[in-house]
Amino acid sequence: MSQPTLAFGCDLSGRHELAEFLQAHAVFLRRFRLLIPRDLEVLLPDHLHACPGIEFLPEVGQGAEIMITAKILAQEITAVFWWGDYWPGQSGEMDLIIRYCAREDIPLSLNAATAWAILTKAARYPHACLIFNPVAGQGDARQTLLQIRSLLKPYFHLTVLTTTPTSSAESLVKQALESEMDTILAAGGDGTISAVAHALVGTNIPLGVIPTGTANAFGSALGLPGIIPAACEVIIAGHTRQVDIAACEVRGGDDSVCKQTMILLTGIGFEAETVERANREVKDRFGSLAYIWAGVQQFQSQFPFTAELVVDGQTTEITAAAITVANAAPITSVLAYGTGDVIMDDGLMDITIVAPADRLQAFNSLLELFGSAIRKVAPNRDDIIGLRGKTLEIKTDPPQKVVVDGEILGTTPLTMKTIPQGLVVFAPF
Ligand SMILES: Nc1ncnc2c1ncn2[C@@H]1O[C@H](COP(=O)(O)OP(=O)(O)OP(=O)(O)O)[C@@H](O)[C@H]1O
């Protein structure tokens with residue numbers, strides 16, 4: 001997975017030409033992983049004999065072609081070079097290789113004339129690992145993955161790792177990073193994107209976002225198109241920008257400490273309870289309206305709590321219904337707009353405290369915040385406080401659930417610290 005993988009083979013009539021090609025390009029070929037049938041070992045020049053990326057297969061006709069076919073099917077091969085005297089339907093191993101390369105859309109060189117073109121293209125292929133959440137959103141996961149693959153395959157040597165209930169997006173990124181990926185792509189909702197970002201902190205490896213979740217708030221905040229082909233185009237175009245993220249710590253079960261990286265929003269109170277209500281079943285039932293449905297339900301039963309916030313060393317004590325901390329927020333995340341605008345790369349978190357005395361005030365506060373989100377002007381109400389800071393500690397009484405980027409992480413106390421421009425993402429020009 002770490003380098004493009006090239007598989008070689010030939011029949012008797014192709015041996016001389018293949019030996020010449022290997023000799024001529026030996027130095028360049030060292031940058032690849034090479035699969036060589038044992039019977040071709042004698043053709044290798046010294047430069048390649050000592051190549052660490054070389055893997056010997058059984059001889060042609062004794063298993064090499066089967067192993068290469070299996071790797072083609074597993075999408076583990078970048079290109080195949082198979083030279084010889086070709087007679088359709090009568091060339092045994094060559095027929096097999098041609099059939100599967102054609103079927104799986106793998107570049108295939110049948111002679112020296114095409115070899116160099118394929119080789120130089122393979123060398124330029126960036127290696128991308130796509131972390132794919134098959135349960136995010138409400139689409140057909142198989143179709144979605146096929147579509148993403150066909151859009152990106154001409155531009156990347158693509159490896160796909162699929163999340164499961166036991167293989168988290170974060171653990172899959174760590175696995176991918178062991179293989180020296182040039183870029184990591186994430187297809188899923190905000191929970192998946194956030195978990196992938198968490199594993200990328202400090203790597204400087206660019207993240208490509210393909211929004212296939214329910215709300216896709218991070219994609220919207222970045223200005224990404226909501227449809228898959230257009231989101232893939234942003235990745236293919238290759239323009240990146242750096243955005244802030246924040247390290248969060250909360251209390252988990254058994255008093256353990258849970259850590260997560262926030263790319264979007266952290267919510268306490270109303271938002272956390274709303275996210276908990278908008279579970280998978282509700283998302284599958286209502287789609288993108290799930291959060292609105294859950295919010296309306298939660299609005300009727302939200303209890304205030306007392307909170308002590310320390311922002312960059314300054315303490316505020318208040319009785320609140322909702323506290324939202326944001327790095328980035330689409331305008332639909334109105335609870336984040338207490339400062340009037342949420343800037344993704346200013347090195348600061350935007351903190352909004354909503355502290356209404358009753359339900360009517362709460363309703364009016366929401367309306368005011370909605371106006372602020374649209375007009376990008378700070379709200380003007382006593383029961384909405386907007387703060388900005390680099391570090392934050394929040395204690396509440398009683399302890400409150402904390403949701404980070406759409407996933408419940410634990411309960412207060414919460415501590416947060418910005419990591420200015422800590423994430424590199426593909427973004428529209
Ligand atoms: N194969 C899987 N089976 C069941 N759950 C999974 C699987 N893969 C990931 N998950 C769970 O999916 C959740 C993340 O979903 P994600 O946020 O990406 O999508 P979403 O909920 O549809 O979108 P949004 O966050 O935009 O509402 C995580 O809780 C993760 O544990």
Side-chain angles (χ1 to χ4, degrees), residues 129-145 148 160-176 184-200 207-228 231 245 248 250 252-253 258-267 271-295 297-298 324 326-336 401-410 425:
C129 180
L130 170 68
I131 309 295
F132 182 73
N133 180 344
V135 300
Q138 289 71 46
D140 175 341
R142 206 176 140 267
Q143 280 304 325
T144 304
L145 183 54
I148 296 172
V160 179
L161 299 177
T162 302
T163 57
T164 69
T166 50
S167 303
S168 66
E170 191 188 336
S171 67
L172 294 179
V173 176
K174 287 189 175 145
Q175 184 185 325
I184 298 287
L185 312 175
D190 293 316
T192 305
I193 313 295
S194 173
V196 169
H198 185 61
L200 285 179
L207 167 65
V209 175
I210 305 171
T212 60
T214 307
N216 303 316
F218 187 65
S220 309
L222 258 184
L224 283 181
I227 52 168
I228 292 173
I245 50 178
C248 313
V250 297
C258 289
K259 297 184 184 188
Q260 179 58 275
T261 303
M262 173 184 84
I263 53 174
L264 266 171
L265 302 166
T266 291
E271 174 148 357
E273 301 291 341
T274 300
V275 165
E276 191 162 65
R277 276 180 192 269
N279 57 27
R280 173 60 43 206
E281 199 189 324
V282 174
K283 286 180 190 175
D284 287 345
R285 196 162 146 217
F286 294 111
S288 55
L289 297 179
Y291 291 104
I292 294 175
W293 178 88
Q297 306 290 311
Q298 185 56 34
T324 306
N327 265 331
I331 60 165
T332 46
S333 297
V334 292
L335 285 174
K401 286 174 197 138
V402 179
V403 63
V404 178
D405 295 338
E407 303 283 316
I408 300 285
L409 183 64
V425 278

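All ligand and atom numbering here is 1-based and tracks the order in the structure.
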Do [X] and [Y] make a side-chain contact, defined as non-hydrogen atoms from C-beta onward lying under 4.5 Å apart?
X	Y	result
Ile210	Leu130	yes
Gln175	Leu161	yes
Thr163	Pro134	yes
Leu207	Val209	yes

*Measure the distances from the heavy atoms of Gly406 to every atom of ligand 1 and state whether one is below 4.0 angstrom.*
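No, that is not the case, since the closest heavy atom of the residue is not under 4.0 Å from the ligand.
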*asked:* If you measure every N or O of Gly188 against every N or O of ligand 1, does any of those distances drop under 3.5 Å?
replied: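 No - when backbone and side-chain N and O of Gly188 are compared with those of ligand 1, no distance drops under 3.5 Å.
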*N or O contact, Asn216 vs ligand 1, cut-off under 3.5 Å*: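 Min N/O separation from ligand 1 is below 3.5 Å for Asn216.
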*Out of Gly189, Pro165, Ser167, whose heavy atom is nearest to atom 2 (C) of ligand 1?*
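When every heavy atom of Gly189, Pro165, Ser167 is considered, Pro165 comes closest to atom 2 (C) of ligand 1.
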*Heavy-atom nearest option to atom 24 (P) of ligand 1, drawn from Val135, Thr214, Ile408, Asp405*: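 Selected option, by shortest heavy-atom distance: Thr214.
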*Which of the atoms of ligand 1 are close to Ala215, meaning less than 4.0 Å from one of its heavy atoms?*
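Counting from 1, the qualifying ligand atoms are 24 (P), 26 (O), 27 (O).
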*Atoms of ligand 1 close to Gly137 [distance to a heavy atom under 4.0 angstrom, numbered from 1]*: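 Going through ligand 1 atom by atom, the ones under 4.0 Å from Gly137 are 22 (O).
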*Over all heavy atoms of both residues, which pair between Met262 and Asn327 is shortest? Give the atoms and the distance, please.*
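Distance-wise, the nearest heavy atoms are O-ND2, 3.1 Å.
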_Over all atoms of both residues, closest heavy-atom pair of Ala176 and Ile184_ =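 Closest approach of Ala176 to Ile184: CB-CD1, 3.9 Å.
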*Taking non-hydrogen atoms only, is Pro134 closer than 4.0 angstrom to ligand 1 via side chain, backbone, both or neither?*
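Looking at Pro134 and ligand 1, just side chain atoms fall under 4.0 Å.
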